[in-house]
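What follows is a single structure, written as structure tokens, with notes after it.
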Amino acid sequence: MEAQSITKTISRKRRKDVAGPNGTTDEDHVPIKVARHTMGVREPAPFSDELKVDRSNTYRRVSMEEAKLGTPIERPVRVYADGIFDLFHSGHARALMQAKNLFPNTHLIVGVCSDELTHNLKGFTVMNEAERYDAVQHCRYVDEVVRNAPWTLSPEFLEKHRIDFVAHDDIPYSSAGSDDVYKHIKDAGMFAPTQRTEGISTSDIITRIVRDYDVYVRRNLQRGYTAKELNVSFINEKRFNLQERVDKVKKKVKDVEEKSKEFVQKVEEKSIDMIQKWEEKSREFIGNFLEMFGPEGALKHMLKEGKGRMLQAISPKQSPSSSPTRDRSPSPSFRWPFSTKISPPASPGRHSRPTAATYDISEDEED
């Protein structure tokens, strides 16, 4: 019954006996799709020493082939991953995610080393063991946490926690007098390699903090931490405060420079626009001036036209010779007595008598 449950798969007969593209012929075994164990999704993952384990059933480790094909829901593949997990970051989370997704049905156990063991074999940590336990507990991929995990995995430890495979990156981890603490795991065929996340590690984060030590000290002083809490001397505290003020002044000066550059740029743009408009207006003005006062301008034509009209007005008009004259008898003239004009002498054939000089008076005046 147990063997049947372990090797339970869904088989499908092929209609053709020829080999398929993956080399299968008679049967195609499809792994069972099992819902993932996600104990840490809604609540923190439990500690292993707080769980009740049913040891009535004999523990038998599954092979790599069985694990890849998929195991029954009641028998997940138990994968173990250990580490320090100081300053828990995305690189840690990605490694645990890879371990969780190694097989279709995985129960991920994560071991976290204690402060005493870590300080002796690796170095001082930023976070204490309680903080590191809590950080790992709240990772969504973790199903179980082992506190005070061993540095080197013994057969007794593997048997106690019923571990099928150990997940870690494939780079040899030399420590505790060994070239690779996972060598015996690899030799036993229980090692499942994962990939490291480049560009992020606890050492890199600490390096950034040490490199920019002054910046972070000033930052925390500004946020209300005391010099005693930051382990900063009185002189350094004053120096950091002075530096903070100098940086603020530099920032203000930089802001003023940027604003002045923007102002100068706007003035230049406006001046260029004004010059262009002035050039356009000046061209227009010069064109209008030449059109009015130029050699062939409108003023010259106006003067010529006015001169012609004046000459025409001053000069007398001569009636054309061909125009008919008005036939009218001259009015009788009357001459004033004091006029010196003498009428011409009469012809010898007629009797002449002296007449007084008179002006011509019309018939109307006589009346």
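None of the values given here were measured: they were computed from a predicted structure.
- Within the 3.5 Å criterion, the main-chain N or O of D86 finds no donor-acceptor partner in the side chain of T125.
- A donor-acceptor pair is defined here as one N or O able to donate and one able to accept, closer than 3.5 Å; such a pair exists between the side chain of H89 and the backbone of G91.
- The two residues G70 and P104 come nearest to each other via the heavy atoms CA-CG, 4.2 Å.
- Within the cation-pi definition used here (under 6.0 Å to the ring centroid, within 45° of the axis), R219 does not qualify as a partner of F240.
- Using cut-offs of 30° and 60° for the angle between ring planes, the Y173 and H168 rings count as perpendicular.
- Contact record, A67 with V62: CB-CG2, 4.4 Å, taken as the closest heavy-atom pair.
- Here CG of D134 is found 12.5 Å from CD of E129. Values are rounded to the nearest 0.5 Å.
- Proximity of a side-chain donor or acceptor of N105 to a complementary backbone N or O of P72 within less than 3.5 Å is detected.
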### Query
E50 and R147: side-chain contact (heavy atoms from CB on, under 4.5 Å), yes or no, with the steps?
CA-CA 11 Å; E50 296 177 350; R147 292 181 285 193; 3.7 Å; yes

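- In this structure, CD1 in I275 is found 14.5 Å from NZ in K270, a value given to the nearest 0.5 Å.
- Between H184 and T152 there is a side-chain heavy-atom pair separated by less than 4.5 Å.
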### Task
Apply side-chain contact (heavy atoms from CB on, under 4.5 Å) to L87 and I206, showing your working.
CA-CA 9 Å; L87 297 176; I206 295 175; 4.0 Å; yes

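- Between the side chain of S260 and the backbone N or O of V256 there is at least one donor-acceptor pair closer than 3.5 Å.
- When every heavy atom of L108 is checked against every heavy atom of A99, the shortest pair comes out as CD1-CB, 3.8 Å.
- Between F85 and H92, the ring-plane angle classifies as perpendicular under the 30° and 60° cut-offs.
- Ion pairing between a basic and an acidic side chain is recognised when a charged N comes within 4.0 Å of a carboxylate O; K183 and D187 show such pairing.
- Shown here is Y59, whose OH atom has more than 12 heavy atoms of other residues, nucleotides or ligands within 6.0 Å.
- Linking ILVMFWY side-chain heavy atoms closer than 4.5 Å, directly or via other members, places V232 and Y216 in two distinct hydrophobic clusters.
- Other residues, nucleotides and ligands contribute more than 12 heavy atoms inside 6.0 Å of the CD atom of E258.
- Between the side chain of S178 and the backbone N or O of S174, no donor-acceptor pair lies under 3.5 Å.
- With hydrogens and angles left out, the side-chain atoms of Q243 and D247 include a donor and acceptor closer than 3.5 Å.
- Cluster membership for L117 and V181, using ILVMFWY side-chain heavy atoms within less than 4.5 angstrom, is shared.
- Under a hydrophobic clustering in which Ile, Leu, Val, Met, Phe, Trp and Tyr are joined whenever their side-chain heavy atoms come within less than 4.5 Å, directly or via other members, I209 and V217 fall into different clusters.
- Considering CG of L96 and OH of Y141, their distance stands at 9.0 Å, rounded to 0.5 Å.
- Looking at heavy atoms from C-beta onward, Y133 lies in side-chain contact with N148 at the 4.5 angstrom threshold.
- Following chains of ILVMFWY side-chain contacts shorter than 4.5 Å, one can reach F191 starting from F157, so the two form part of one hydrophobic cluster.
- Within a 6.0 Å sphere centred on CG of D273, other residues, nucleotides and ligands contribute more than 12 heavy atoms.
- Connection of I272 to W278 is not established within any shared hydrophobic cluster, with ILVMFWY side chains joined at heavy-atom distances below 4.5 Å, either directly or through further cluster members.
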### Intermediate values then yes/no, side-chain contact (heavy atoms from CB on, under 4.5 Å), F165 and L102
CA-CA 10 Å; F165 297 97; L102 285 172; 5.9 Å; no

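- In this structure, Q195 places its CD atom where only 12 or fewer heavy-atom neighbours from other residues, nucleotides or ligands lie under 6.0 Å away.
- Of the possible polar contacts, one joining the R132 side chain to the C113 backbone as a donor-acceptor pair under 3.5 Å is found.
- Contact check on E66 versus R60 returns a salt bridge, with a Lys/Arg side-chain nitrogen under 4.0 Å from an Asp/Glu carboxylate oxygen.
- Listed for the N288 side chain is a donor-acceptor partner under 3.5 Å among the backbone atoms of E284.
- Residues D164 and M190 come closest through the heavy atom pair O-CE, 3.5 Å.
- Counting only heavy atoms from C-beta outward, the side chains of E237 and T226 never approach each other to under 4.5 Å.
- Closest approach of A167 to V79, counting heavy atoms only: CB-CG1, 3.8 Å.
- Annotation: side chain of L242 is not in contact with side chain of R239 (no heavy-atom distance under 4.5 Å).
- Residue K261 holds its NZ atom at 6.0 Å from CD of E257, rounded to the nearest 0.5 Å.
- Between the NE2 atom of H107 and the CD1 atom of I163 there is a distance of 10.0 Å, given to the nearest 0.5 Å.
- Summarising the geometry of E144 relative to S48, their closest heavy-atom pair is OE2-CB, 2.9 Å, with the distance given to 0.1 Å.
- In the displayed structure, R162 atom CZ is contacted under 6.0 Å by more than 12 heavy atoms of other residues, nucleotides or ligands.
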### Message
Please evaluate residues K186 and D180 with respect to the criterion side-chain contact (heavy atoms from CB on, under 4.5 Å), reporting the C-alpha separation (whole Å), side-chain torsions for both, the decisive distance (0.1 Å), and the verdict.
### Response
CA-CA 10 Å; K186 296 176 182 177; D180 189 2; 2.9 Å; yes

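- In this structure, CG on L51 lies 10.5 Å from NE2 on H161, to the nearest 0.5 angstrom.
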